[in-house]
Amino acid sequence: MSVLLEVQNLKKYFNTPKGVLHAVDGVSFKLERGKTLGIVGESGCGKSTLGRTIIHLLDSTEGKILFEGKDITHPTKKELKILRREMQMIFQDPYSSLNPRMTVERIIAEPLLIYKQYDSKEETYKRVRELMDIVGISPRFADSYPHELDGGRRQRVGIARALALEPKLIVCDEPVSALDVSIQAQILNLMQDLQEEFGLTYIFITHDMSVVKHISDNILVMYMGIPFEFAESKELFKKHYHPYTKALLSAVPIPSIKYKKKPILIKGEISSPINPQPGCRFALRCPYKQDVCLQQDNPLVELSPNHFVSCARAREVNDV
Amino acid sequence: MKEKLLEINNLTVHYVVENEVVQAVNNVSITLNRGETLGLVGETGAGKTTLALSILRLLPDPPGRIADGEIIFNGKDLLKCSDKEMRKIRGEKISMIFQDPMTSLNPVLTVGEQISEMIRLHRKVSRTESTRLAVEALESVGIPGERYLEYPHQFSGGMKQRVVIAIALACNPELLIADEPTTALDVTIQAQVLNLMMNLKKEKNTSLILITHDLGVVAETCDKVAIVYAGEIVEYGTLEHIFNNPSHPYTVGLFGCIPNLYQDVKRLKPIPGMMPNPTDLPVGCNFFERCSSRMDCCKEKKPATIEVEPGHLVKCFMAGEELTGR
Amino acid sequence: MKSEDTKKRSYSMWKDVWKRLKRNKTAMFGLFLLILVILGAIFAGVIAPEGYDAQNLRERFMKPCASHIFGTDQYGRDIFARVLYGARISLRVGFSAVLLSVTVGTVIGACAAYYGKYIDNILMRFIDIWMSLPSILLAISVMAALGSSINNLVIAIAISSIPGHARIVRSAVLSVKNQEFIEAAISNGASDFRIITRYILPNCLAPIIVQATMSVAKAILSASSLSFIGLGVQQPVPEWGAMLSAGRTYIRDYPWIITFPGLAIMITIYGINLFGDGLRDALDPRLKN
């Protein structure tokens, strides 16, 4: 399998009145074609910023982004326009991600019209019908406006729009978290089907551990802009080395009464990484904190094959 | 021990909007004992919040209207109380926690004042006494008393929800209604807040109605569960009934929709279609269109509620039999 | 997705707005008044074929009667005809001044809000200075500089109301700009021009339209005021304000000379304001119900 996307030490800082916000602080990963990378973390951990930086909705501060082996970190306007058709995005809020003044048909046609994909109107709208069919929206909704549709159908429209230009990579920013569970399952299945059919590569950003486990091949756990743990999905849910990952997973309520577990309660809350001090950013909440944690930054270390952890005490704590 | 606190009989609530009648809650009956936790589970628009607001008589009227039924709290029908009596009951006997902690606090008052105001509203105590009680309430939810003089915007989301809980519990209500209290919070914070709520509830022997869409939260907190679909309770029972022996096709479907952390499933089994439009409910079973074990009779008439085992009620013709089609 | 039995009811936003507007009786009354004035202006030539400046010195200062329902003025001109022709001037000045100021204001406001940062800063500080000048004084100086003609009147009024429009548009654009569908458009490779014209402005229409409607009334008033003080339309062109000005010497003995142009101004403004209020409610359903 070839690598589609490679991110090297990517950083995105924002200047705020209170200081420099390190929203994404040194993330690296490789993503193979046709695979799904899940990025999980709590709100404010920088996962959305990371996704938006990769598809150039935001400019990166430092680091490198390679797409199909080509450096695309600082594209020219022309290169960017070509790049945009290769990378698309599916948004979280199916209510605000569709232009309320356009019909469903028009929304899906927009990317085709922008790129003058087809010479005639008929061809364009034929393709739109085809896309609607692919994502399962009946043609009678073609002239509807977004506010006339329910959340699930709106998200399907958003997916159709993202598929219109046949991209290779789709960044999905919490695509199902605004939906009810029964609709959520429909959309997740649709996304899996599309991935198989078109060989899509996904970056799946979410806070929902069960969803990310279900859909991802690899998982990156983030906390305050820092990658904490990176491993294959199956591996990560079997063995989690980072104290934060442990707490996160134990806190997920399980819809079953067979597994009685006690959540590891960590005190405090996530704060914004503004002018952060060196050292582990989780240390203040961490039950295993020692002086060593605050002395230096902890890069990702390969603790077992293909399982990377950023924790100074990971070996001790886990007996590896 | 098992003292009945709340009994809702055949409650029906409508919204009348532009000549259309939205049948938000239809013929719902619930009983809740003292100290128990009832989980109301359902999707957006199922009528969970309407049901909760009706108990407090906080429905916006118009368009909301309680068409039928009775809500008996401590032996008294709340629907027959005067507005003045209702105001006394709200906050003192029954209080409510809303979903969004960001908007349910008054931004121009300090959190301490908001709690002590609530106490003074319902109890004849002096200002110093109410301040003392408010500090106590803050500490009971794990917020240091020094933060009494801080404003809501100085608190993070999880802390705000703690303040909201402190306000709701300040007068030791007998019933607490929590509408998606942790949906806006991150998982680790959700775990903290749920843990706190359950401890306080146990300590004060408060009854709790927990409205949520998350079956995981229900599994960890509730004694009884009611599954709500299109304004009806389609299945009702103890936690064990619902989780070990789900008997309504909708409940079974819900479980199939959720990816599980402990089991690997290649594909989820979604429930096809969507909830029927509450202005235009079908003649037969509301779930008919989406049901995988439907029969001909389901289309023509509404199923009655059947008790499949003691305390386990199911609104389905197939109840008690092996579900087909799954 | 087989179980879609809900009937498709596709209606555009405008049909919806019209439906709500129709239910609002005062707004419909306002619209009725406005249409009445517009029809009067359009068919002035048919209703009063003698024209606005046909003098008949034998019939000076006639009271309202069957042949001159509004009476005649000091030159024996039919006041009804002059009021009708005056509607043409007032409406033309009102609508074109608003069109001009809304267009310029929209461009300034949209650019400031969309590009943000220093462009926003420069443009808005400029607008602030502009706004600090009293608008009627500004209009007077413009008229004094350009000389009086109808077109100059339009320009003068437009200039004085641009800053208000720019501010309204700017705040509307800011509220739309951060929504996800704008990001979606960017990631689809849409150009800035396309994003502003197809995505942002259509979603800002409601406040712009309401503001524009209300400023038509303001522009008509300003035009009349300027004409009243002699800086607007010149005799014998029958501008309502100019008619008031010319007739004010006779106010004691022949009050109808100024009553009817005054009433015309009042009815037009009243109609527009009622309609504008209704439009605002109809465009923002959250305000009502």
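Letters A, B, ... are given to chains in the order of the sequence lines, protein chains preceding strands, and every chain is numbered from 1. Fair warning: this is a prediction, and the values are worked out from it, not measured in the lab.
Atom OH of A:Y118 has more than 12 neighbouring heavy atoms from other residues, nucleotides or ligands inside a 6.0 Å radius. Residue C:R194 qualifies as enclosed at atom CZ: its count of foreign heavy atoms under 6.0 Å is above 12. When the shell of 6.0 Å around NZ of C:K177 is examined, it contains more than 12 heavy atoms from other residues, nucleotides or ligands.
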| task | Begin from the C-alpha positions of C:Y199 and A:E110 and carry the test side-chain hydrogen bond (donor to acceptor under 3.5 Å, both in side chains) through to its verdict. | result | CA-CA 11 Å; C:Y199 288 80; A:E110 270 290 286; 2.7 Å; yes
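Contacts of C:R198 with chain A are made by both backbone and side-chain atoms, with heavy-atom separations under 4.5 Å. Only the backbone of A:M87 comes within contact range of chain C, with heavy atoms under 4.5 Å apart. Only the side chain of A:Y115 comes within contact range of chain C, with heavy atoms under 4.5 Å apart. When heavy atoms are compared at a cutoff of 4.5 Å, A:R85 does not approach chain C at all. Looking at A:L98, the atoms closer than 4.5 Å to chain C (heavy atoms on both sides) all sit in the backbone: N, CA, C or O.
Judged by distance alone, the side chain of A:R101 and the main-chain N or O of C:P202 form a donor-acceptor pair under 3.5 Å. A side-chain donor-acceptor contact under 3.5 Å links C:E180 to the backbone of A:D93.
Within the 4.5 Å cutoff, side-chain heavy atoms of A:P100 are placed close to those of C:F181. In this structure the side chain of C:I186 never reaches within 4.5 angstrom of the side chain of A:H56, judged on heavy atoms.
Across A:S97 and C:A184, no two heavy atoms sit closer than the pair O-CB, 4.2 Å. Taking every heavy atom of both residues into account, C:G189 and A:I114 meet most closely at O-CG2, 3.5 Å. Contact record, A:M89 with C:S187: CB-OG, 4.4 Å, taken as the closest heavy-atom pair.
How far CD of C:E183 is from CG of A:L58: 7.5 Å, rounded to the nearest 0.5 Å. Separating the NZ atom in A:K81 from the OG atom in C:S191 is a distance of 7.0 Å, to the nearest 0.5 Å. Within the model, atoms CG of C:N188 and CD of A:Q88 stand 4.5 Å from one another, a figure rounded to the nearest 0.5 Å.
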